[in-house]
Protein chains: 2
Amino acid sequence: MSFDLDQFLPYRLSVAAAQVSRRFAALYGAEAGLTVPEWRVLAHLHKSEPVSVRDITVRVNLEKSIVSRAASRLEQEGLVRKSGHESDRRLIALALTRKGRDLMRRLGPIAQDFQTQLTAELGPDAEGLQRALTRLIARDTPPK
Amino acid sequence: MSFDLDQFLPYRLSVAAAQVSRRFAALYGAEAGLTVPEWRVLAHLHKSEPVSVRDITVRVNLEKSIVSRAASRLEQEGLVRKSGHESDRRLIALALTRKGRDLMRRLGPIAQDFQTQLTAELGPDAEGLQRALTRLIARDTPPK
DNA sequence: ACATATTCGTTGCATAAGCAACGATTGTCA
DNA sequence: TGACAATCGTTGCTTATGCAACGAATATGT
């Protein structure tokens with residue numbers, strides 16, 4: 001009996017994740033053309049700022065070079081402001097600009113609605129999915 | 001109340017998928033240095049061959065250019081053979097070589113074992129996860 | 001205090017992904 | 001049959017990713 005890719009969990013997870021990401025990107029694409037890293041940085045800043053690049057890499061599971069470049073792009077678009085940390089001059093303090101906050105005020109509800117819709121689609125399996133994801137993420141070795 | 005990325009399903013799915021992929025790559029990395037597309041192509045060929053590039057793009061959720069390049073690399077490494085389709089000369093028939101079949105004979109059990117281990121880790125939530133993934137994948141708009 | 005190690009953010013470089021365009025072939029339909 | 005459209009696989013090009021290396025700043029240990 002031969003191995004069946006269609007039943008293989010890593011494959012299924014990857015396809016599902018890509019699929020869900022595409023759907024979500026289509027939703028916020030109307031409001032702003034963001035990459036996934038850019039979205040994650042904004043979302044994290046929205047709930048806690050100011051914060052360093054390093055903090056973000058740890059909290060949103062992105063490599064530091066990716067966060068660095070995403071932050072630069074966001075700064076260039078006027079969504080994020082970079083300033084020096086007071087006591088530790090190695091650190092950079094990232095914060096949302098007024099424009100960035102406005103954008104997140106529109107994107108937040110979109111994300112919430114999408115989450116609600118997904119949960120509805122999944123019905124009774126939504127909880128099991130969340131628990132399973134928690135377990136998988138828990139043993140995280142973050143990307144460098 | 002502010003949006004929380006840590007509870008956002010697209011984010012959680014993406015992190016979990018990346019995490020599981022890394023773990024699996026570490027396992028088969030000892031046997032062969034394959035990229036994800038290469039692994040998927042081999043896995044699909046293992047269960048049905050010969051098959052065209054187009055077939056693979058549809059069945060393993062990869063864009064055709066990615067499959068094309070993966071197939072070329074695999075051919076160069078002697079794992080896959082390309083030959084012309086008999087009646088339709090636009091098509092290419094991909095098949096495993098002896099070496100490719102041998103590799104998959106080693107990789108198949110590794111994948112199975114990993115699946116078993118994951119299922120064990122997830123315990124009672126494994127089923128809910130699989131059902132949820134099935135639902136998410138079902139409404140698939142494949143990548144091009 | 002001083003040499004050394006470590007951390008932070010950026011950048012360079014090699015590889016991968018995503019999309020459009022292309023030549024070659026086959027399908028469609030008037 | 002013959003023009004036109006559609007499909008297949010490859011390739012070019014732009015952008016994204018992942019890793020290593022770097023300069024600057026701070027921590028550490030003797």
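Throughout, protein chains are lettered first and strands after them, A, B, ... in sequence-line order, and every chain is numbered starting at 1. Only heavy atoms go into these numbers, but all of them, side chains included; no hydrogens, no water, no symmetry mates.
Between A:S87 and A:T35, the one whose closest nucleotide on DNA chain D sits nearer the 5' end is A:T35. Between A:E86 and A:E38, the one whose closest nucleotide on DNA chain D sits nearer the 5' end is A:E38.
Nucleotide C:dA16 holds its P atom 16 Å from the CD atom of A:E63, rounded to whole Å. Rounded to whole angstrom, the span from the CG atom of B:L62 across to the P atom of C:dG18 amounts to 9 Å. The interatomic distance linking B:N61 (CG) with C:dA17 (C1') rounds to 15 Å, in whole Å. Atom CZ of B:R22 is separated from atom C1' of D:dT17 by 13 Å (rounded to the nearest Å). Between the P atom of C:dT26 and the NE2 atom of B:H85 lies a distance of 11 Å, rounded to the nearest Å. In this structure, A:I56 places its CD1 atom 12 Å from C1' of C:dG9, rounding to the nearest Å. Here the C1' atom of nucleotide D:dC13 and the CD1 atom of B:I66 are 15 Å apart, to the nearest Å. Here D:dA16 presents its P atom at 15 Å from CZ of A:R40, a figure rounded to the nearest Å.
Residues satisfying the side chain to side chain donor-acceptor pair (under 3.5 Å) test with A:E75, not counting sequence neighbours, are none. By the ring-ring contact (aromatic ring centres under 6.0 Å, His included) test, B:F24 is found to be paired with A:F8, B:Y28, B:W39, B:F114, residues two or more places apart in sequence or in another chain being considered.
Across B:Q19 and A:L136, no two heavy atoms sit closer than the pair CG-O, 3.7 Å.
A salt bridge is absent between A:E77 and A:R73: the closest approach of a Lys/Arg side-chain nitrogen to an acidic carboxylate oxygen does not fall below 4.0 angstrom.
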Handout entry: Sugar-phosphate or base contact per nucleotide [nucleotides 5-11 of chain D; S, B, -; heavy atom under 4.0 Å]
Key = --BSBBB

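At D:dA24, none of the side-chain N or O atoms of A:R89 fall inside 4.0 Å of OP1 or OP2 (strictly under the cut-off).
Applying the side chain to side chain contact (heavy atoms under 4.5 Å, CB included) test between A:L74 and each of A:V80, A:L96, A:L103, A:L94 identifies A:V80 as the sole match.
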Exercise for the section: Please assess B:T116 against B:D113 for the test side chain to side chain donor-acceptor pair (under 3.5 Å), listing each intermediate value before the final yes or no. Expected result: CA-CA 5 Å; B:T116 301; B:D113 290 352; 5.2 Å; no

Practice task
Show your working on side chain to side chain donor-acceptor pair (under 3.5 Å) between B:S14 and A:R40 and close with a plain yes or no.
Solution key: CA-CA 12 Å; B:S14 166; A:R40 288 192 193 175; 2.8 Å; yes

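The salt bridge (Lys or Arg N to Asp or Glu O under 4.0 Å) analysis of residues 95-104 of chain A, with sequence neighbours excluded, yields the pairs A:E49-A:R101, A:R98-A:D102, A:D102-A:R105. The ring pair (Phe, Tyr, Trp, His ring centres under 6.0 Å) pairs that include a residue from residues 47-103 of chain A number zero, where partners must be two or more places apart or lie in different chains.
From one end of the helix from C:dA1-D:dT30 to C:dA30-D:dT1 to the other, with five pairs defining each end axis, the axis direction shifts by 30° (rounded to 10°).
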